[in-house]
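Notes for the one structure printed next.
What's counted below: heavy atoms across the whole structure, side chains too, no hydrogens, waters or symmetry copies.
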Amino acid sequence: AYQTTPAPSFNCSLTVDELREGFKMVKESTASSPGGLHYGIWKTLITNETAFEPFALMIMFAFRWSVVPVMWEKVVQIILAKDVGQKTKITRIRRVQLLDAGLNMGFRILFGHRMLQAAKKLGVLSDLQFGARSGYMCISCVLLKRLSYDIIRQLRSTAIAFDKDAKACYDRMIPSIGVILARGVGVEKSVTTTLANTTKRMKFHVKTAFGVSPGCFTTTPTVAILGL
């Protein structure tokens with residue numbers, strides 16, 4: 001069951017060394033940063049302490065004081081076909097959002113690692129949740145399902161299997177609810193405020209074979225609060 005009262009906040013402070021290690025681990029070929037400061041440049045910066053530290057301090061300051069740098073506001077959407085080589089249907093496309101590398105690294109450390117670790121300690125995550133968790137693989141879920149079916153068949157037991165494909169679930173996440181849930185597992189207010197403010201100010205451009213659109217669309221207050 002989910003926490004009925006907020007959990008004690010865990011450490012949400014970033015350090016220069018953590019950011020350096022994060023950029024060292026990421027693949028240079030990973031697409032990022034519509035503003036031009038992509039992972040290749042970050043990997044060059046981490047080799048020079050004097051050059052890297054000002055950029056690292058900017059990321060640390062933004063998450064500590066809920067200040068959104070202008071370069072974090074630009075997002076590029078890329079539409080990819082799920083079925084390569086076939087006539088693409090509108091229902092068979094994948095939309096990828098390219099965020100600034102610095103913003104993405106902060107999210108990666110604070111939400112992708114620390115928040116999930118905190119949620120695991122609180123028992124919020126189900127043992128049957130295999131997605132977006134370190135140490136869990138999709139094939140493990142498939143193996144568990146296959147073995148369960150084999151045991152049911154061998155024992156000739158009566159069973160009910162419920163398969164739920166949360167189609168486009170990440171596209172349907174409500175920002176305001178996500179912030180409340182993050183606070184519930186101990187994410188500090190300054191970090192969730194940074195997330196909410198960044199989402200509210202994002203300007204979405206679309207990239208096609210003809211380049212990046214000069215115009216953009218923005219998030220309305222209704223979308224930020226209700227996800228509509």
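- The cluster map of Ile, Leu, Val, Met, Phe, Trp and Tyr, joined by side-chain heavy atoms under 4.5 Å apart, puts L98 and V206 in different clusters.
- Listed here is the closest heavy atom pair of H205 and P214: CE1-O, 3.7 Å.
- Residue pairs meeting the ring-ring contact (aromatic ring centres under 6.0 Å, His included) criterion with at least one partner in residues 86-108, sequence neighbours excluded, are F63-F107, F107-F111.
- Using a distance-only test at 3.5 Å, with no hydrogens or angles considered, a donor-acceptor pair links the side chain of T44 to the main chain of G40.
- In this structure, G36 and I41 approach most closely via the heavy-atom pair O-CD1, 3.3 Å.
- Transitive grouping of hydrophobic side chains (ILVMFWY, heavy atoms separated by less than 4.5 Å) keeps V212 and L103 in distinct clusters.
- In this structure, F55 and L37 have side chains that are in contact, with non-hydrogen atoms separated by less than 4.5 Å.
- When all heavy atoms of K82 and I93 are compared, the pair lying nearest together is CE-O, 3.5 Å.
- Between W42 and L19, every side-chain heavy-atom pair lies at or beyond the 4.5 Å cut-off.
- Considering NZ of K120 and CG of L125, their distance stands at 9.0 Å, rounded to 0.5 Å.
- Contacts of E53 classified as side chain to side chain donor-acceptor pair (under 3.5 Å), with partners at least two apart in sequence or in another chain: none.
- A side-chain hydrogen bond (donor to acceptor under 3.5 Å, both in side chains) check over residues 54-81, counting only residues at least two apart or in different chains, returns the pairs W72-D100, E73-K203, Q77-Q97.
- Taken to the nearest 0.5 Å, the CD atom of E188 stands 10.5 Å off from the OG1 atom of T193.
- Annotation for I109 and H113: closest pair O-CB, 3.3 Å, computed over non-hydrogen atoms.
- Looking at T194, its side chain does come within 3.5 Å of a backbone N or O of A62 through a donor-acceptor pair.
- The backbone N or O of G215 sits less than 3.5 Å from a side-chain atom of S213, completing a donor-acceptor pair.
- Residue L143 holds its CG atom at 13.0 Å from SG of C138, rounded to the nearest 0.5 Å.
- The OG1 atom of T15 lies 11.0 Å from the CG atom of L57; values are rounded to the nearest 0.5 Å.
- Put simply, V16 and Y39 are part of the same group of oily side chains (I, L, V, M, F, W, Y) that touch within less than 4.5 Å, one to the next.
- Residues S33 and A101 come closest through the heavy atom pair OG-N, 2.8 Å.
- The 12-atom threshold is exceeded at CG of D83, counting heavy atoms of other residues, nucleotides or ligands nearer than 6.0 Å.
- The ring pair (Phe, Tyr, Trp, His ring centres under 6.0 Å) test applied to F204 returns F217, not counting sequence neighbours.
- Here E21 pairs with K24 under the salt bridge (charged side-chain N to carboxylate O under 4.0 Å, His left out) rule; sequence neighbours left out.
- Linking Ile, Leu, Val, Met, Phe, Trp and Tyr residues whenever their side-chain heavy atoms come within less than 4.5 Å places M58 and L14 in a single cluster.
- For Y136, the side chain to side chain donor-acceptor pair (under 3.5 Å) criterion is met by R133, not counting sequence neighbours.
- Counting only heavy atoms from C-beta outward, the side chains of M60 and S13 never approach each other to under 4.5 Å.
- Taking hydrophobic clusters as Ile, Leu, Val, Met, Phe, Trp and Tyr residues chained together by side-chain heavy-atom distances below 4.5 Å, L122 shares a cluster with M115.
- In this structure, CG in L110 is found 10.5 Å from CG in L195, a value given to the nearest 0.5 Å.
- By the 4.5 Å heavy-atom criterion applied to side chains, R153 and D150 are counted as neighbours.
- When side chains are defined from C-beta on, V26 counts as touching R108, because their heavy atoms get closer than 4.5 Å.
- Rounded to the nearest 0.5 Å, atoms NZ (K207) and CD1 (I78) are 5.0 Å apart.
- Of all heavy-atom pairs spanning G102 and F23, the tightest one is CA-CZ, 4.2 Å.
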